[in-house]
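Predicted, not measured: the structure shown is a model, and the values here were computed from it. The first residue of the sequence shown is numbered 1, and numbering continues consecutively from there. Atoms within each ligand, like the ligands themselves, are counted from 1 in listed order.
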Amino acid sequence: KTYTVGNYLATRFEQIGLKHYFMVPGDYNLVLLDQLLWNKNMQQIGCCNELNAAYAAEGYARVNGVGAVITTFNVGAFSAFNGIAGANAESLPVIFVSSSYNTNDPSANHLLHHTIGSHDFAYQYDAFRQVTCASVRILHAENAPSLIDHAIVTALRERKPAYIEIACNLSDAPCPKPAPFEILLVSQPSNRQALDAAVETAAALLNNAKKPLLLAGVHLRAFKAIDAFRELAEALGCAVAVMPNAKGFFPENHPQYIGIYWGGVSSPGCESIVDWADMTLVAGPMFTDYTTVGWTALPHREQMIKADPRQVQFPQADYTEIALAEFLSALAKQVRKNDKTLIQFRREVRKAHEETEAHVAIENAPLTRVELCRQIQNDIDEKTTLLVETGDAWFNGMSMHLPGGARFEIEMQWGSIGWAVPATFGYAMGLERDRRLVSLIGDGSFQLTAQEVANMIRYGQHNLIFIVNNRGYVIESEIHDGPYNYIKNWDYAGLISVFNAEDGHGLGLKATTGKELADAIKKARKHRGGPVLIECQIAHDDCSPQLLKWGTKVAVANERPPRQA
Ligand SMILES: C/C(NCc1cnc(C)nc1N)=C(/S)[C@H](O)COP(=O)(O)OP(=O)(O)O
């Protein structure tokens with residue numbers, strides 16, 4: 001059998017570890033979808049729209065390492081754009097494939113449907129070049145192998161999305177058989193001299209420090225440095241804090257763990273220890289207005305070693321061409337034990353998350369945020385991934401304790417509401433059979449992409465989704481309120497019967513009191529074969545104290561007046 005361009009792509013998809021890929025059909029991509037179905041080792045998953053398909057591929061990449069989404073030209077692609085740019089922000093390799101026009105059309109001076117009606121057919125490619133690490137257009141079948149391989153290999157190396165545009169009349173064009181994929185996977189080792197020099201400098205700084213501390217950053221997972229970071233932590237024996245979007249990248253039941261460092265909304269006792277340290281090695285951070293709480297929580301450069309994916313920054317020097325995992329694990333062999341920061345933490349807080357156990361609410365009292373969080377905390381076990389949407393869910397999830405083995409997913413860098421439902425769908429598609437997914441989503445965010453719950457029913461995913469119905473956009477209200485922060489209320493639990501009248505594998509429950517919530521969680525735990533939505537009704541102004549504190553500081557940062565010329 002001769003290969004086709006579509007078969008080539010399907011073979012590469014399987015070789016990079018895809019068992020599923022997401023799509024919405026369109027006349028430009030139907031033949032390509034057939035060519036992909038040729039590979040029976042992968043499942044083609046339809047989504048309600050291309051934005052959801054892109055978010056699903058992003059969620060899938062979180063659990064599977066890489067994701068893929070196929071759309072039709074323009075109308076599909078531009079809907080997916082937000083999800084692909086988000087994958088870039090989150091450092092997730094999502095392969096985005098858009099079918100495009102027939103190669104005979106430009107020379108025939110044709111105008112085409114699904115375009116803005118001009119003779120320029122490159123503007124989609126130009127747009128996606130801005131948000132991907134590699135973007136290619138396949139306009140001749142003989143170029144397909146090298147272009148497809150370039151896009152995929154670059155995405156895997158850079159941990160960023162890549163763009164592949166395939167002319168619709170080339171999807172089944174003959175194409176050489178793919179070479180073995182392994183020969184393409186060139187890792188990027190460090191420059192040996194730079195690595196040695198950086199390790200020597202870092203070891204001297206840490207060994208001469210009186211109060212060294214480690215801080216985990218968001219890029220640890222993307223650049224496969226979680227184990228190396230733990231190796232360094234256990235060699236140094238110091239206190240270990242994590243930044244909010246790195247929650248779960250260092251075990252929260254580890255004896256050296258001291259909590260989330262997030263400025264004024266850090267875990268109890270954590271901020272003072274991080275501020276007290278005289279040398280902090282921060283691994284893979286992104287210091288932004290949100291993670292530094294409006295620039296109020298940024299370690300000083302003269303007391304910081306900032307280890308990024310490909311470079312290490314010291315108080316007086318920058319070393320480049322250094323792979324993060326190699327640097328951390330080489331450094332682990334050169335540091336001496338110093339647990340002063342951990343001892344000091346223990347003087348204040350014996351163990352991270354030792355916060356006062358929230359008291360059980362009066363059974364029939366109106367449900368509160370504190371009671372909701374208390375019950376979700378009790379529902380999280382070592383097999384659970386807790387996925388939180390942008391909203392007060394960030395703060396509610398952040399303060400929950402992860403038992404050993406539990407995982408946490410957040411989209412803090414991109415922060416696009418509506419991400420969580422399709423990301424839950426995509427994440428669950430790639431999740432190990434014996435694990436469970438619990439999502440915490442506000443009513444406002446839920447309204448953007450709610451329809452993807454229907455596909456959770458279609459594929460029998462037993463996800464548990466807590467919809468926190470506080471009647472509107474409370475994060476926005478706390479940052480700066482106005483009439484625009486209030487929305488039409490839905491019967492969220494009732495959606496399940498709308499989505500699955502015929503098969504009944506979903507379950508929609510409402511909780512307005514602590515008792516109703518406890519009963520709903522019990523039912524959810526027993527439910528099989530489909531998702532469970534629990535609509536938790538709480539008061540509009542019942543938000544976390546962390547949100548109030550954080551929102552005020554972020555609002556101040558937003559409202560800085562233009563610098564006077
Ligand atoms: C509107 C917006 N952000 C602005 C925004 C608007 N559009 C997109 C795509 N992404 C965004 N972050 C946000 S955080 C809402 O408060 C979310 O409301 P909800 O889901 O109900 O959560 P909370 O009530 O806990 O805030």
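Looking at ligand 1, you'll find an N or O of Gly472 within less than 3.5 Å of one of its N or O atoms. Remark: ligand 1 and Leu448 share no N or O pair separated by less than 3.5 Å (distance only, no angle test). The distance criterion of under 3.5 Å between nitrogen or oxygen atoms is met by Gly415 with respect to ligand 1.
Between Tyr101 and His114, the gap from one ring centroid to the other reaches at least 6.0 Å. Aromatic rings of Phe22 and Tyr60 (six-membered ring for Trp) have centroids within the 6.0 Å cut-off, being under it.
Contact check on Arg310 versus Asp308 returns no salt bridge, with no Lys/Arg side-chain nitrogen under 4.0 Å from an Asp/Glu carboxylate oxygen.
The protein heavy-atom contact nearest to atom 7 (N) of ligand 1 is Ile417 CG1, 3.8 Å. Atom 9 (C) of ligand 1 has its closest protein heavy atom at Ser416 OG, 3.5 Å. Of all protein heavy atoms, the one closest to atom 2 (C) of ligand 1 is Glu476 OE2, 3.1 Å. For atom 26 (O) of ligand 1, the closest heavy atom belonging to the protein is Ile475 N, 2.8 Å. The protein heavy atom nearest to atom 18 (O) of ligand 1 is Tyr473 CD2, 3.3 Å. The shortest contact between atom 19 (P) of ligand 1 and any protein heavy atom is with Gly444 N, 3.6 Å.
Relative to the six-membered ring of Tyr125, Arg137 meets both conditions, a distance below 6.0 Å and an angle of at most 45° to the axis.
Asn64 and Tyr427 are not linked by any side-chain donor-acceptor pair at a separation below 3.5 angstrom, with hydrogens and angles left out of the test.
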